[in-house]
Amino acid sequence: MKPTDITIHTTDIDQPYKELGEITAKASKRTLYSKSPTLEEVHVKLQEQASKLGANAVIKVTYNRAASLFSFEVLKAIGIAVRREVRDR
């Protein structure tokens with residue numbers, strides 16, 4: 001599975017799954033003139049981390065936007081990497 005095929009959800013999902021672990025991703029605005037970090041940027045990073053664990057979804061994702069000592073703006077996402085179980089039809 002390609003990382004871009006991993007789905008991102010802010011809530012739980014309505015199907016059986018196995019939790020693989022909590023993952024975190026950050027995107028930063030490095031200078032005053034850089035563009036603000038986007039959800040798409042943190043989603044790509046979440047998908048990359050989830051892929052390494054063998055996940056096919058990330059659930060219960062929360063976001064936090066703040067400033068830090070090293071960048072003007074940081075967008076942080078935290079979620080749970082899961083492996084959805086395939087239902088028999």
> Counting only N and O atoms by type, is there a donor-acceptor contact under 3.5 Å from the side chain of Gln49 to the main-chain atoms of Leu46?
Replying inline: no
> Tell me, do Val58 and Ile23 make a side-chain contact under 4.5 Å, heavy atoms counted?
Replying inline: yes
>> For Arg65 and Glu73: C-alpha separation, side-chain torsions, deciding distance, then whether salt bridge (Lys or Arg N to Asp or Glu O under 4.0 Å) applies.
In response: CA-CA 7 Å; Arg65 195 176 291 268; Glu73 188 177 350; 2.8 Å; yes
>> I need the minimum non-hydrogen distance between Lys76 and Ile78, along with the two atoms involved.
In response: CE-CD1, 3.9 Å
> Does Lys60 reach the side chain of Thr10, with side-chain heavy atoms less than 4.5 Å apart?
Replying inline: no
> Do Asn56 side-chain atoms and Arg84 backbone N/O form a donor-acceptor pair below 3.5 Å?
Replying inline: yes
>> Please tell me whether Val61 and Ile13 are part of a single hydrophobic cluster in this structure, the criterion being side-chain heavy atoms less than 4.5 Å apart.
In response: no
> Of all heavy-atom pairs between Ser28 and Val74, which one has the smallest distance, and what is that distance?
Replying inline: OG-CG2, 3.9 Å
> Is there a donor in the side chain of Glu48 and an acceptor in the side chain of Ser51, or the other way round, less than 3.5 Å apart?
Replying inline: no
> Are Leu20 and Tyr17 grouped together when hydrophobic residues (ILVMFWY) are joined by side-chain heavy atoms under 4.5 angstrom apart?
Replying inline: no
> Considering only heavy atoms from C-beta outward, does the side chain of Leu75 approach that of Thr38 to under 4.5 Å?
Replying inline: no
>> I need the single residue from Thr7, Ile8, Asp5 that forms a side chain to side chain contact (heavy atoms under 4.5 Å, CB included) with Gln47. Which is it?
In response: Ile8
> Do Glu41 and Lys35 have side chains that get closer than 4.5 Å, going by heavy atoms?
Replying inline: yes
> Do the side chains of Ile6 and Leu53 join up, straight or via other hydrophobic residues, at under 4.5 Å, putting them in one cluster?
Replying inline: yes
> So, for Ala27 and Lys45, which heavy atoms are closest and what is the spacing to 0.1 Å?
Replying inline: CA-NZ, 4.1 Å
>> Keeping Arg83 on the side-chain end and Gly54 on the backbone end, is there a donor-acceptor pair under 3.5 Å?
In response: yes
